[in-house]
Amino acid sequence: MLQPVGLDQARRIALREGFAGELVVPGDGGYDVSRAVHNGLVDKHPALIARCRSATDVATAIRLARDLELEVSVRGGGHSVSGRAVTDGGVMIDLALLRDVTVDPEASVATAAGGVTWGEFNTATHAHRLATTGGVVSTTGIAGLTLGGGLGYLMAKYGLSADNLTAADVVTADGSHLRASAASEPDLFWALRGGGGNFGVVTSLEYRLHPVAEVTAGLVAHPFPAAGEMLRFWREYTADLSDELVTFAGLVHAPDGSGVPLAAMVVCHCGTAEHAQAELAPLLAYGSPAMVAVDRMPYPGANRMLDAGFPRGARNYWKSSFMQDLDDDLIDVMIERFARAPSAMTAMIYEHLHGQVTRVPVSDAAFPHREPGYNLIMTSVWTDVATDDQNITWTRDTFAAMQPHFAARRYANYLDTDDTGEIVRSAYGPNHARLSDIKRRYDPDNVFHLNPNIEPA
C-alpha cells in the first residue's frame, strides 16, 4: 500500500500538474467501488486510483506512478476476465470518467473516449442508423476489446473492431500525447490494432461506421440430448454463409435458473429482413428446438442479448483457442465434459469466423488470426466463493481434454492470468517480432505490462 509520505508526494505532483480528476486511496469513500472490475474473482487493492478526466490527467498519472516507482494498470471498461485492469499496490489509471461519444453521420465516423462501453457507443451511433463491429456483451469497454482485435456480430460483413479503427489518441509511457493513424505514427497505429494495451493509454478512439439499423438476431436452443447432432448440423451450416450472417453455437444452461443444459445457436444477420429470413430458414427449421427466440430488432438489442449471462461481480475463469474444424471427437469430448460442469452459469461456445474478418492480410494489422474457422470460448461463471477451486479445476481439465484438437493460436482478449509465455506469443503469432520492436520504441521499460504482455525487443 502507498505510504503516507508517498500519498503526500502524489498529491503534490497532481496539484502541481493541474490534475483535474480524482485521487482515491484506501479508506476513501468509493475506493472499493472504483477498484472493482467485472470479474468478482479479482480482488486487488491499488495504492492509488487516478480517476482521469482528460488525456492530460492520464499523462500526470503515468508520471506520478513512475516517480513513485509503482506499477501501472489501466482500467477502461474493466471487463477483461484476467482482471489486469487493477494492480495490487500500484497506481490504477481509471478512464471511467471519460465517456463522451460524438458521431459525424455525414462522414460515417464516431469518436469515443477510452472509458466508453459498447452499449453507450451503440446507443449513440444507432441514433443515426449506423454501427461498427463491437462486442457481443454491451457492458464491455470499447478500448480493451478493440485493442485486442474485437470479434463481434458484424465482423463477417465489416471486419473486426480493430479493422474499423481509423485513429487513436494515445498517452505513452513518457507522458507524450500522440495521434496514431495511417498518416501519423503508422507503426503505432498498426500495433494498436490487435497488440492490446502494450503501447500506452488510449484515451480516444475513432471508428469507421456502417449503415446498420436493424438486424435479425436471437437464439435457438435444443434439448441437451440432441447436442451432438445439432453441433454437427451447425458445422455443415457454417460452410456456406453470406457476409451478413454471424453465428455462434455451443452448450449453455437454461437462463431460467433451472440449471438445465441446452445446445444453442446464436445468430445475427445484418442484411435485409427478406435475406435474413431466407438464409436462416434451414437453421430455424432444423430439429425440434426447445426454444426459438429470433426476431427483427435494433442492432443495440442484439448487442445486449447475452448480457444476463455475464452479471457484474460474478466469478469468472475462461479458456479459449482457435481451431480450423470441429471434428466429431472434439464435439463428443465437449458434450461429455459439459455434462459435469459444476456451475449452471457456465457455457462453451464456438464463434465462427468467415467473411471480411478473414480477408484482411495478416500483416495489415497486429491481429493475426485471419483463418476461416472457429474459436472456442469456455466461460466458467459462478457466484459461490466456496466453489472457486471446483470451477477452475473443471475448466482446466476440460480444456486439457480438448487440447489435441486445437490450433496453436489464442485470442488475446480471452486470455486469463495463468495464460503466459508461449500462450501469449501465440496470441500475436507471426506479428510478435514486429510488435516487440514497436514496444521497444514506445515503452522500452515495459511500464504497460499488465496485459497479455509483449516485452520490448
Side-chain angles (χ1 to χ4, degrees), residues 136 151 153 155-156 215-297 301-302 304-306 308-309 323-341 343-355 372-379 381 398 401-402 405:
V136 299
L151 306 182
Y153 290 134
M155 63 183 171
V215 296
T216 301
L219 179 142
V220 179
H222 288 255
F224 190 69
E229 291 181 5
M230 189 211 77
L231 287 170
R232 289 173 175 86
F233 159 79
W234 182 78
R235 177 183 62 193
E236 301 307 315
Y237 178 72
T238 59
D240 185 25
L241 300 180
S242 76
D243 289 0
E244 280 73 30
L245 176 58
V246 167
T247 176
F248 306 152
L251 307 177
V252 301
H253 290 93
D256 60 6
S258 64
V260 173
L262 297 168
M265 296 177 284
V266 178
V267 299
C268 182
H269 197 294
C270 65
T272 65
E274 294 75 20
H275 184 199
Q277 182 179 12
E279 190 166 18
L280 292 173
L283 184 146
L284 296 174
Y286 170 76
S288 302
M291 179 181 72
V292 177
V294 176
D295 206 347
R296 200 73 178 159
M297 65 182 70
R304 294 190 295 266
M305 288 191 302
L306 304 182
M323 63 213 68
Q324 288 184 303
D325 196 14
L326 306 182
D327 60 55
D328 288 344
D329 289 343
L330 174 61
I331 290 172
D332 292 343
V333 171
M334 175 188 185
I335 293 168
E336 185 273 329
R337 291 293 309 180
F338 190 79
R340 292 183 273 158
S343 171
M345 300 173 71
T346 288
M348 299 171 70
I349 300 295
Y350 292 112
E351 301 168 316
H352 179 238
L353 278 71
H354 76 289
Y374 306 89
N375 185 47
L376 171 71
I377 170 66
M378 296 174 53
T379 57
V381 184
T398 298
M402 302 171 72
H405 304 275

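Only a predicted model underlies this, so the values are computations on that prediction, with no experimental measurement involved.
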- [ ] For Pro223 and Leu262, work out which heavy atoms get closest and say how close.
- [x] CA-CD2, 4.4 Å

Open item on the list: Test side chain to side chain contact (heavy atoms under 4.5 Å, CB included) on His405 and Leu376; report intermediate values, then the result.
Closed with: CA-CA 11 Å; His405 304 275; Leu376 171 71; over 6 Å; no

Task: Residue Gln324 excluded, over 12 heavy atoms near CD under 6.0 Å - done: no

Open item on the list: Under the criterion side chain to side chain contact (heavy atoms under 4.5 Å, CB included), I'd like the reasoning laid out for Met265 against Tyr237: C-alpha separation, chi angles, the key distance, then a yes or no.
Closed with: CA-CA 11 Å; Met265 296 177 284; Tyr237 178 72; over 6 Å; no

Open item on the list: Between Thr216 (side chain only) and Arg296 (backbone N and O only), is there a donor and an acceptor less than 3.5 Å apart?
Closed with: no

TODO: Mind checking the CD1-CD spacing from Ile377 to Glu351? Nearest 0.5 Å is all I need.
DONE: 6.5 Å

- [ ] I would like to know whether Val215 and His269 meet side chain to side chain contact (heavy atoms under 4.5 Å, CB included); could you show each step before the answer?
- [x] CA-CA 6 Å; Val215 296; His269 197 294; over 6 Å; no

Open item on the list: I'd like to know if the side chain of Glu279 reaches the main chain of Ser242, judged simply by a donor and an acceptor atom lying under 3.5 Å from each other, with no hydrogens or angles considered.
Closed with: yes

Task: Side-chain heavy atoms of Val220 within contact of Val294, under 4.5 Å - done: yes

Open item on the list: Tell me whether Asp256 at atom CG has more than 12 heavy atoms from other residues, nucleotides or ligands lying less than 6.0 Å away.
Closed with: yes

Open item on the list: Distance check, rounded to the nearest 0.5 Å: Arg337 atom CZ versus Met348 atom CE?
Closed with: 8.5 Å

TODO: Check the pair Thr238 / Tyr374 against side-chain hydrogen bond (donor to acceptor under 3.5 Å, both in side chains), numbers first and verdict last.
DONE: CA-CA 10 Å; Thr238 59; Tyr374 306 89; 2.6 Å; yes

Open item on the list: Restricting to non-hydrogen atoms, name the atom on Phe338 and the atom on Pro261 that form the minimum distance, rounded to 0.1 Å.
Closed with: CE2-CB, 4.0 Å

Open item on the list: I'd like to check Ile349 versus Thr379 (side-chain heavy atoms, cut-off strictly below 4.5 Å). Are they in contact?
Closed with: no

Task: 4.5 Å side-chain heavy-atom contact, Leu231 and Met334 - done: yes

- [ ] Please report the shortest heavy-atom distance between Val266 and Thr247, naming the atom on each side.
- [x] O-OG1, 2.9 Å

TODO: Take His253 and Phe224, measure what ring pair (Phe, Tyr, Trp, His ring centres under 6.0 Å) needs, and give me the verdict at the end.
DONE: CA-CA 9 Å; His253 290 93; Phe224 190 69; 8.3 Å; no

TODO: Rounded to the nearest 0.5 Å, what's the gap from CE on Met402 to CG on Asp329? Could you check?
DONE: 11.5 Å

TODO: Would you name the heavy atoms of Leu251 and Ile335 that are closest together and state the gap between them?
DONE: CD1-CA, 3.8 Å

Open item on the list: Give me the atom names and distance for the closest heavy-atom approach of Ala344 to Gly259.
Closed with: CB-CA, 3.6 Å

Task: Straight-line distance of Ile331 CD1 to Trp234 CH2, nearest 0.5 Å - done: 9.0 Å

- [ ] Apply side chain to side chain contact (heavy atoms under 4.5 Å, CB included) to Tyr153 and Met305, showing your working.
- [x] CA-CA 11 Å; Tyr153 290 134; Met305 288 191 302; 3.5 Å; yes

Open item on the list: Do His352 and Leu241 have side chains that approach each other closer than 4.5 Å (heavy atoms only, starting at C-beta)?
Closed with: yes

Open item on the list: So, taking the atom named CG in Asn375 and the one named CZ in Phe248, what distance separates them when rounded to the nearest 0.5 Å?
Closed with: 9.0 Å

Task: Closest heavy-atom pair and its distance - His222, Tyr286 - done: CE1-O, 3.2 Å

Task: Nearest-0.5 Å distance, CG of residue Leu280 to NE2 of residue His275 - done: 9.0 Å

Open item on the list: Under the criterion salt bridge (Lys or Arg N to Asp or Glu O under 4.0 Å), I'd like the reasoning laid out for Asp327 against Arg235: C-alpha separation, chi angles, the key distance, then a yes or no.
Closed with: CA-CA 9 Å; Asp327 60 55; Arg235 177 183 62 193; over 6 Å; no

